Structures are given as C-alpha cells and as structure tokens.
Amino acid sequence: MKYEKVIYRVCRGGGNLSSLRGFTLAEVLITLGIIGVVAALTMPALIQNYKKYVHSVKLKKFYSTMQQSIQLYNVYNDTLTENWSWWFPVQNVDYIENFWNTYLASNFKNILKTEKQNNTFYIYFSDGYILRIQRFTYDSLDIVLFLNKDYSKSYLGKDAFYFSIWKTSGFIPYQFTGDIDDMNNNLTPDEVKYTKDMHDRNNLINLCKKERQFCTQLLMHDGWEFKKDYPHKL
C-alpha cells in the first residue's frame, strides 16, 4: 500500500483519486466527429493530388522513351519518319506489329505481352499501363496510352491520353487540325472559335474541354503536369 501511494503521488502530482476527471462519452464522440469531418474534406484532395502525380510521372516517362526511340534510330540511320514504310495497308494489324517490333519495342524494358485484336495492336507493361496502336490514315499512327489496367473503363483526358506519329512531324500529342475545323463549323452561339495555335494555353484548355483527345497537347504544354485549372477531374 505504501508503494502504491508513492507511485500514485508521483504520477498524479499528489492529487486525490476523487479529483481525477476523464473525457465523457459525448466529448469523445464530438472529437471523433470533428476528425471525421476534417478527413472527409482533406482526403479527396490528397487522393486527387496523388493521382495527378502518378499520372504525370507515367506520362513523362512514356513520352521520353518514345522520343528516345526515334532519336536513337536517327543516330544510326536517316530520318526515321522518312524511312518508315508508311504505305502498308491501313488497319492491318500485322504491319503495325512489325512496325512496333522493328522500331520501338527494344527501348521498352518492361513489356509483359502484346495482343492483336481485329485491326488494333495492344502492348501491356509491368508498370500497369497499356498502349494501343491503330492506323486510320496513310500518313499517321494513332497511339493511346491507358494508365488504367482495365482500358475499357478509361476516359480520354483522365486516364487515357492520345498521341500520334506523323510522317512529317514524328511523335507528338494529338493535334489533328481537321477536328478543329469541324468543331468551328458546329459552334453554338455561346462558344468561342477554336484556333490551331498549339502554343496558346487558353485555346488548349478550351480544346481539352470540348474534345478530350486534345488534352495531351495541353499537358505537354504544362510540362506533363496537371495544373489546378486542368479541365477534367481525375
């Protein structure tokens, strides 16, 4: 008993047991409620920022690897886009597969598998993203980078991003000007006319809002970062 009193006095500063007071149930519940409200307000923003960061890193890596593929080829050959066999049949997946294996595949070290579906060629990566290559015209390849493992649930501008390889301009974000002409021909009275200036950020934001394939060009303009005014929530 003597030792218990000594320990109690040391721990409680000599106070009496009857003077001790803990938190009531109501106070605990109020505190937990406040914590829950704060978490509910902050967690979506934290998750959103994390998604933006991860998407940004993957986009930068992919764009850099594709550009390096073209540059490495040019070191040992003539201009790559001038030498590519652009006259293979449109929508022929076997030719697309050969194109990938000949010019690009060796620079990607994390390929899990490839797949042919109808006229479309898919490349699956261990990083969790997927590449889709199609050809609709004689002078370009259409490439979509899916950052979602289930590409059927992906949306352009959110977790899918559109690129092109053109014979004249090489590998670039999607910026087909014919789409801009069509958009201007079908403007509503309250819409501002779109331009073909791919350096005008305001124009790129408006294009991204209207047609999501142009969002890739906006992201490249912003250094592959998702700015606060990026038109689409991830």
Side-chain angles (χ1 to χ4, degrees), residues 52 55-71 73-74 79-84 86-87 90-91 96 99-100 103-104 107 119-121 123 129-148 151 154-188 191-234:
K52 288 181 179 181
H55 283 15
S56 179
V57 169
K58 288 184 176 181
L59 279 166
K60 287 178 182 178
K61 181 180 179 181
F62 171 70
Y63 182 76
S64 175
T65 303
M66 287 292 290
Q67 291 290 17
Q68 287 174 13
S69 300
I70 294 174
Q71 291 171 7
Y73 184 93
N74 289 342
T79 303
L80 182 141
T81 50
E82 291 179 0
N83 282 323
W84 282 347
W86 288 98
W87 301 109
V90 173
Q91 296 187 350
I96 295 176
F99 174 90
W100 167 261
Y103 299 110
L104 302 175
N107 295 295
N119 297 314
T120 306
F121 188 61
I123 305 100
Y129 60 88
I130 301 168
L131 204 60
R132 185 186 75 191
I133 305 178
Q134 295 173 298
R135 189 176 191 199
F136 299 111
T137 67
Y138 282 109
D139 55 359
S140 69
L141 285 174
D142 295 294
I143 298 175
V144 177
L145 176 66
F146 297 98
L147 301 183
N148 187 341
Y151 62 83
S154 296
Y155 297 92
L156 282 175
K158 294 183 65 175
D159 53 11
F161 302 93
Y162 211 132
F163 297 85
S164 300
I165 299 181
W166 291 84
K167 184 174 182 180
T168 54
S169 50
F171 177 69
I172 58 174
Y174 183 91
Q175 50 181 247
F176 181 57
T177 55
D179 284 352
I180 298 174
D181 292 332
D182 291 338
M183 291 160 61
N184 283 330
N185 290 332
N186 296 282
L187 291 177
T188 61
E191 285 185 303
V192 178
K193 188 174 182 179
Y194 305 98
T195 75
K196 299 178 182 180
D197 185 356
M198 295 295 119
H199 300 287
D200 181 347
R201 190 171 186 276
N202 288 331
N203 180 57
L204 292 176
I205 289 176
N206 291 330
L207 285 171
C208 179
K209 288 179 180 177
K210 182 68 174 180
E211 297 290 344
R212 293 188 176 201
Q213 62 265 33
F214 288 101
C215 293
T216 312
Q217 180 67 33
L218 171 62
L219 288 168
M220 189 179 80
H221 182 280
D222 289 342
W224 302 109
E225 294 183 5
F226 294 81
K227 303 292 187 181
K228 290 183 178 180
D229 58 350
Y230 185 73
H232 307 293
K233 185 177 180 180
L234 301 189

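Side-chain atoms are counted along with the backbone in the values below, which use heavy atoms only and exclude waters and symmetry mates. What you are looking at is a predicted structure, and each value in this text was computed from that prediction instead of being measured. If you read the sequence from its start, that first residue is 1, and numbering goes on from there.
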Study note, to complete from the structure: Taken to the nearest 0.5 Å, the spacing of Asp182 CG from Leu187 CG works out to 11.0 Å
Review point. Do Leu147 and Ser154 come close enough that some side-chain heavy atom pair is under 4.5 Å?
Key: no
Revision key, fill the gap. Which of Arg135, Gln134, Arg132 passes side-chain hydrogen bond (donor to acceptor under 3.5 Å, both in side chains) with Thr120? Answer is Gln134
Check your understanding: Phe214 versus Met183: any side-chain heavy-atom pair under 4.5 Å?
Key -> yes
Exercise for review: Start with the C-alpha distance between Ile123 and Ile133, add both sets of side-chain angles, then the distance that settles side chain to side chain contact (heavy atoms under 4.5 Å, CB included), and finish with yes or no.
Suggested key: CA-CA 8 Å; Ile123 305 100; Ile133 305 178; 3.9 Å; yes
Point to revise | Ile172 backbone acceptor or donor facing Ser164 side chain under 3.5 Å | key: no
**Study point:** Heavy-atom pair with the smallest gap, counting every atom of Lys60 and Gly223
**Key:** CE-O, 3.2 Å
Study note, to complete from the structure: For Phe146 and Ala160 the tightest heavy-atom approach is CD2-CB, 3.7 Å
Review point. Rounded to the nearest 0.5 Å, how far apart are CG of Asn186 and CG of Asp181?
Key: 11.0 Å
Check your understanding: For the atom pair CD (Gln217) and NE2 (His199), what is the distance rounded to the nearest 0.5 Å?
Key -> 7.5 Å
Review point. Can you check side chain to side chain contact (heavy atoms under 4.5 Å, CB included) on Val144 and Tyr151, steps first, answer last?
Key: CA-CA 10 Å; Val144 177; Tyr151 62 83; over 6 Å; no
Exercise for review: Determine whether Arg201 and Asp229 make a side-chain contact, defined as any pair of heavy atoms from C-beta on separated by less than 4.5 Å.
Suggested key: yes
Practice item. Working to the nearest 0.5 Å, report the span between CG of Asn185 and NZ of Lys193. Key: 8.5 Å
Check your understanding: Quick one: are the ring centres of Phe163 and Phe62 less than 6.0 Å apart?
Key -> yes
Exercise for review: Taking the side chain as every heavy atom from C-beta outward, state whether Phe226 and Leu219 have any atom pair closer than 4.5 Å.
Suggested key: yes
Check your understanding: Given side chains that start at C-beta, do those of Leu207 and Met198 come closer than 4.5 Å, heavy atoms only?
Key -> yes
Point to revise | Sub-4.5 Å side-chain heavy-atom contact between His55 and Asp159 | key: yes
Check your understanding: Any side-chain heavy atom of Ile143 within less than 4.5 Å of one from Met66?
Key -> yes
Study note, to complete from the structure: Here the gap from Phe161 atom CZ to Trp224 atom CH2, rounded to the nearest 0.5 Å, amounts to 9.0 Å
Practice item. Check for a donor-acceptor pair, side chain of Tyr162 on one end and backbone N or O of Arg212 on the other, with a separation under 3.5 Å. Key: no
Point to revise | Minimum side-chain heavy-atom gap Tyr155-Asn148 below 4.5 Å | key: no
Check your understanding: Do side-chain atoms of His232 reach the backbone of Cys208 as a donor and acceptor pair under 3.5 angstrom?
Key -> yes
Point to revise | Shortest non-hydrogen contact from Thr195 toward Ile180 | key: O-CD1, 3.6 Å
Review point. Hey, which of Asp142, Thr216, Asp179 is the one that makes side-chain hydrogen bond (donor to acceptor under 3.5 Å, both in side chains) with Tyr174?
Key: Asp179
Review point. Looking at OG of Ser140 and CZ of Phe176, how far apart are the two atoms once the value is rounded to the nearest 0.5 Å?
Key: 8.0 Å
